[in-house]
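Each remark here refers to the structure printed beneath this line.
Order of appearance sets the numbers: ligands from 1, and atoms from 1 within every ligand.
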Amino acid sequence: MNLDVLEKVKKKALDEHIPIIMDETLEIIKEYLEKEKPNRILEIGTAVGYSASQFVRLAGNQVKIDTIELDENRANEAIENIKNIGISENINVIIGNAVDILPTLSKTYDVVFIDANKGKYPVFLKEAIRMSHKGTIIFADNILYKGYVLSDYNKHKQRTAVRHLREYIADSIENENLNTQILKVGDGLAISIVK
Ligand code: SAH
Ligand code: MG
């Protein structure tokens with residue numbers, strides 16, 4: 001794969017304020033991907049394909065990723081980027097709303113990366129669990145949302161997102177089938193391992 005192109009994709013995304021995965025968050029996920037060598041990853045929220053491409057680099061060429069993106073322009077840019085990086089064989093971009101797409105998927109995944117609209121995180125968790133097996137790792141990025149989730153004062157604009165992120169945290173911790181950690185790394189990362 002062409003890592004120079006991947007680096008350019010990262011720079012352009014940062015210039016355009018596209019919220020791609022933070023380096024320190026990727027560092028944590030890297031440990032799991034290098035150890036587990038997953039064959040199948042599900043990503044919710046492709047943006048321009050940056051995190052999915054990094055996952056291929058870290059997991060290895062055996063990996064197949066299904067990734068869902070609502071915004072058609074972004075999805076098409078992702079497809080183009082993935083082609084230029086040379087990993088079209090590894091990544092399948094699905095254009096549409098994950099809320100509608102997820103129920104149509106029926107395979108199981110070794111890793112799930114949730115990184116889309118915060119108001120739907122509890123729904124995404126349910127779908128991730130449905131498509132999991134023993135040992136599946138479910139990551140949820142931005143779980144602490146700039147610290148708002150841990151703060152008791154939230155502006156009206158953030159309130160719904162915060163409520164749903166708290167619900168995700170509660171659901172994932174209380175679920176006896178999951179072993180969950182919430183890390184303060186980056187914008188907050190939830191890691192749940194399916195028992
Ligand atoms: N994972 C990417 C960043 C994703 S940013 C990376 O780290 O490189 C979040 C993306 O989720 C945005 O592009 C947004 O359009 C998309 N999104 C938001 N809600 C969605 C939904 N319901 N279904 C699919 N994609 C969604
Ligand atoms: Mg994110």
ask   = Which parts of the protein, at residue level, reach under 4.0 Å of ligand 1 through a heavy atom?
value =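 Correct list: Pro19, Ile20, Ile21, Glu43, Gly45, Thr46, Ala47, Tyr50, Ser51, Ile68, Glu69, Leu70, Asp71, Arg74, Gly96, Asn97, Ala98, Phe113, Asp115, Ala116, Asn117.
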
Carboxylate-amine/guanidinium contact [X] [Y], below 4.0 Å:
X      : Y      : value
Asp171 : Arg166 : no
Glu167 : Arg163 : no
Asp110 : Lys37  : no

In Å and rounded to the nearest 0.5 Å, what is the [atom1] to [atom2] distance from [X] to [Y]?
X      : Y      : atom1 : atom2 : result
Ile138 : Asn179 : CD1   : CG    : 11.5 Å
Lys184 : Ile143 : NZ    : CD1   : 14.5 Å
Ile91  : Ile85  : CD1   : CD1   : 7.0 Å

inquiry  = Please check: side-chain N/O of Glu176 versus main-chain N/O of Ile173, any donor-acceptor pairing under 3.5 Å?
reply    =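 Here the side-chain-to-backbone pair does not exist.
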
ask   = What is the ring orientation for Phe124 with Tyr121, classed by angle as parallel under 30°, tilted 30 to 60°, or perpendicular over 60°?
value =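 If you compare the ring of Phe124 with that of Tyr121, the planes turn out tilted.
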
query = What is the minimum heavy-atom distance between Thr136 and Val111, and which atoms define it?
reply =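 Answer, listing the atom of Thr136 first, then Val111: CG2-N, 4.4 Å.
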
task = Please indicate how many protein N/O/S atoms are found closer than 2.8 Å to the Mg ion (ligand 2), with waters neither displayed nor included.
result =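 Under the 2.8 Å cut-off, the count stands at 3.
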
